[in-house]
Amino acid sequence: NQNLIVASSRGQLQQFTSDGALSWIGQVSSENSATIGQVAGDASGNLYLLGSYQGTTDLDPGPGEHWVTGSTTSHSRFVVKISNAGDFQWATSLVTDTAVDPSSNTSSTHLALGADSSLVLLGSYRGHVGFLPTSNGHALPYTADYVSYFARLNPANGEVSQAMSYGRQFGTILSFVATTDGYAASGYTGGNEGFHPTPDISLPSKGSNDAWVMTIDATGAVEWAGLI
């Protein structure tokens with residue numbers, strides 16, 4: 001039997017048993033806004049919540065508290081790990097620094113659990129952003145325009161072990177999943193700009209809003225891409 005997890009755009013999370021009974025309910029609450037956009041589960045039943053928030057936010061969906069503070073004018077991202085029973089384990093944030101650059105923001109972020117048990121993010125950002133908390137001080141390079149990034153977290157404690165910018169914008173990312181030896185992603189680009197994920201892969205546009213697919217190896221390097 002498997003449980004059903006339901007997340008809402010208001011940061012609410014509900015778990016139902018296989019026969020439809022409500023097991024527990026929780027919420028990531030904010031003084032401004034908080035949204036849970038994706039939920040993933042590992043083989044042990046732990047759950048990983050990916051979402052965005054603005055302002056002062058409690059990332060513990062249970063009875064405890066884990067407060068973080070982000071910009072009230074842009075979207076910071078969070079990853080929260082909870083047990084199958086809804087107990088809070090840890091939280092990591094990708095925080096925008098609008099005090100340094102008011103245009104700082106994050107967008108189009110997805111999470112995948114790798115075959116090697118790694119926890120990986122693929123998304124886009126601009127301006128000044130960095131992961132908190134982390135002992136390694138992982139900040140992504142400043143960029144005036146939106147570019148895409150790849151980041152790896154330790155599922156045991158949320159510590160960021162890798163964070164890199166591709167230096168290019170992939171457009172809107174729609175899906176990101178683990179494969180046997182890496183990852184696959186899909187999305188689309190606007191206008192007639194084509195898709196140019198690396199200096200060696202440059203695909204001319206087939207028309208407006210090109211749909212793309214690509215594979216990424218375990219280190220985050222783009223291996224192959226194509227347009228649909």
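By the side-chain contact (heavy atoms from CB on, under 4.5 Å) test, T215 pairs with E223, W224, sequence neighbours left out. Taking P197 as the reference, F170, F195, I201, M214, V222, A225 meet the side-chain contact (heavy atoms from CB on, under 4.5 Å) condition, with sequence neighbours excluded.
Between the CG atom of L94 and the CZ atom of R77 there is a distance of 8.5 Å, given to the nearest 0.5 Å. Note that CD1 of I82 is 12.0 Å distant from CG of L59, once rounded to the nearest 0.5 Å. Expressed to the nearest 0.5 Å, how far CG of L13 lies from CD1 of I36 amounts to 5.0 Å. Atoms CG and CZ, from N105 and R126 in turn, are 6.0 Å apart once rounded to the nearest 0.5 Å. Atom CD1 of I216 and atom CG of D181 lie 12.0 Å apart (nearest 0.5 Å). Note that the CG atom of L174 and the NE2 atom of H110 stand 6.5 Å from one another [nearest 0.5 Å].
Checking side-chain atoms of T179 against main-chain N and O of G182 turns up a donor-acceptor pair under 3.5 Å. In terms of modelled atom types and a separation under 3.5 Å, the side chain of D58 and the main chain of H66 share a donor-acceptor contact. At least one donor-acceptor pair closer than 3.5 Å links the side chain of Q15 to the backbone N or O of N84. Side-chain N or O atoms of N192 include one that pairs as donor or acceptor with a backbone N or O of S208 at under 3.5 Å. A donor-acceptor contact shorter than 3.5 Å links the side chain of T106 to the backbone of H75. Of the possible donor and acceptor atoms, one in the side chain of Q89 sits under 3.5 Å from a partner among the backbone N and O of D87. Side-chain atoms of K81 come within 3.5 Å of backbone N or O of P155 as a donor-acceptor pair. Judged by distance alone, with hydrogens and angles left aside, the side-chain atoms of S76 form a donor-acceptor pair with the main-chain N or O of T96 at under 3.5 Å. No donor-acceptor pair closer than 3.5 Å links the side chain of S104 to the backbone N or O of V129. Between the side chain of S30 and the backbone N or O of N32, at least one donor-acceptor pair lies under 3.5 Å.
Of all non-hydrogen atoms in Y149 and S124, the two that sit nearest each other are CE2-N, 3.5 Å. In plain terms, the two heavy atoms of A185 and L122 that are nearest each other are CB-CD2, 3.7 Å. The minimum heavy-atom distance linking T57 with Q54 is given by the pair OG1-O, 3.6 Å. When all heavy atoms of S107 and Y146 are compared, the closest pair comes out as OG-CE2, 3.8 Å. Scanning all heavy atoms of the two residues, the minimum distance from A178 to G114 falls at CB-CA, 3.8 Å.
Of the N and O atoms on the side chains of D217 and T219, at least one donor lies less than 3.5 Å from an acceptor on the other residue. Counting only N and O atoms by type, the side chains of S205 and D210 include a donor and acceptor under 3.5 Å apart. Judged by distance alone, the side chains of S103 and D101 do bring a donor and an acceptor atom under 3.5 Å apart. Side chains of T198 and D200: no donor on one and acceptor on the other come within 3.5 Å. No side-chain donor from either of T98 and S74 sits under 3.5 Å from a side-chain acceptor of the other. In the model, S175 has a side-chain atom that pairs as donor or acceptor with a side-chain atom of S186 under 3.5 Å.
Ring planes of F78 and Y53: tilted class, angle from 30 to 60°.
Applying the 6.0 Å contact sphere to OH of Y188 captures no more than 12 heavy atoms from other residues, nucleotides or ligands.
The side chain to side chain contact (heavy atoms under 4.5 Å, CB included) test with L153 singles out one residue from L121, V120, L111, and that residue is L121.
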Applying side chain to side chain donor-acceptor pair (under 3.5 Å), run through D19 and T17 and close with a yes or a no. CA-CA 5 Å; D19 60 3; T17 64; 2.2 Å; yes
